[in-house]
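Worksheet: the structure to be examined is printed underneath.
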Amino acid sequence: GYQNSYVNSSPVGDLPRALAGRKSSTGYFNLIANLGDLRVQSNYMVGVQDFSTGETGFKIDMGQFNANAEYDFHINSFNIRPGVSYQNLYYDDTPYLETGEDGYLNAKRELNTLGLSLRLDYMLFNRIRLISALRTEKYNNPDKWYTSWQFAGTLPINENQTVRAVYSRANRSSFIVNAHSNYTWDRTGRTPPNFVHFN
């Protein structure tokens with residue numbers, strides 16, 4: 001697939017210039033394969049994005065690769081699904097910066113995530129569905145493991161109504177802005193503040 005778009009928007013939340021915009025020109029492929037009880041998905045997107053047209057430092061080359069694999073084991077009323085996933089994302093603003101100009105990232109920056117998961121699905125009395133799931137993710141920035149989980153139960157009352165109870169915890173994954181930004185935005189001549197520091 002390929003897309004080339006321009007969106008009118010407020011650049012980076014700067015309301016006085018609401019008719020600026022964002023440009024994106026990217027291409028991608030997506031592969032989904034089912035081999036018996038094995039499910040595999042892989043995709044890659046690459047292109048150029050300008051998050052704030054008319055502003056220096058917000059045009060970037062980008063690429064994102066994702067790969068996921070899950071396998072279903074069926075044991076009587078149990079379904080056990082282990083999984084593994086990997087994601088790599090890079091942004092690079094250096095090709096679009098003149099000498100002495102500051103960009104949003106000022107380098108090629110990467111985020112990598114490795115994820116491991118396990119889901120257990122059990123049907124009790126052919127009526128009550130119990131699900132528990134655990135996922136742990138390892139980021140390169142911050143260099144730590146984070147774990148999330150979910151416990152859920154569903155009970156259909158009739159054809160149109162189901163009772164569902166869930167207890168879960170999730171973490172917010174690493175984001176390029178808070179992982180790699182080191183940028184001072186000079187807003188002289190605009191509404192205060194005159195400078196915004198991202199670090």
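In this text, all values refer to a predicted model and were calculated from it rather than measured experimentally.
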Can you name the residues that form a side-chain hydrogen bond (donor to acceptor under 3.5 Å, both in side chains) with Ser5, not counting sequence neighbours? Gln3
Holding to ring-ring contact (aromatic ring centres under 6.0 Å, His included), I want the full list of residues that pass it with Tyr122, two or more places apart in sequence or in another chain. Phe78
Output the rest of the hydrophobic cluster of Ile157: all Ile, Leu, Val, Met, Phe, Trp and Tyr residues reachable through side-chain heavy-atom contacts under 4.5 Å, sorted by chain and number. Val163
Sorted by chain and residue number, the ring-ring contact (aromatic ring centres under 6.0 Å, His included) partners of Phe73 (sequence neighbours excluded) come out as Tyr71
What pairs with Ser85 under side-chain hydrogen bond (donor to acceptor under 3.5 Å, both in side chains), at least two apart in sequence or on another chain? Arg135
Just to verify, what does Tyr86 make a ring-ring contact (aromatic ring centres under 6.0 Å, His included) with, not counting sequence neighbours? none
With a cutoff of under 4.5 Å between side-chain heavy atoms, which Ile, Leu, Val, Met, Phe, Trp and Tyr residues group with Ile131? none
Got a sec, which pairs hit side-chain hydrogen bond (donor to acceptor under 3.5 Å, both in side chains) with one end in residues 161-170, sequence neighbours left out? Asn158-Gln161
Return the set of residues passing ring-ring contact (aromatic ring centres under 6.0 Å, His included) with Tyr90 (not counting sequence neighbours), or none when no residue passes. none
Among residues two or more places apart or on two chains, list those pairs meeting side-chain hydrogen bond (donor to acceptor under 3.5 Å, both in side chains) that have a residue in residues 146-157. Thr136-Thr147
Got a sec, which pairs hit salt bridge (Lys or Arg N to Asp or Glu O under 4.0 Å) with one end in residues 142-155, sequence neighbours left out? Lys138-Asp143
Qualifying side-chain hydrogen bond (donor to acceptor under 3.5 Å, both in side chains) pairs, either residue in residues 123-134, two or more places apart: Asp121-Arg129
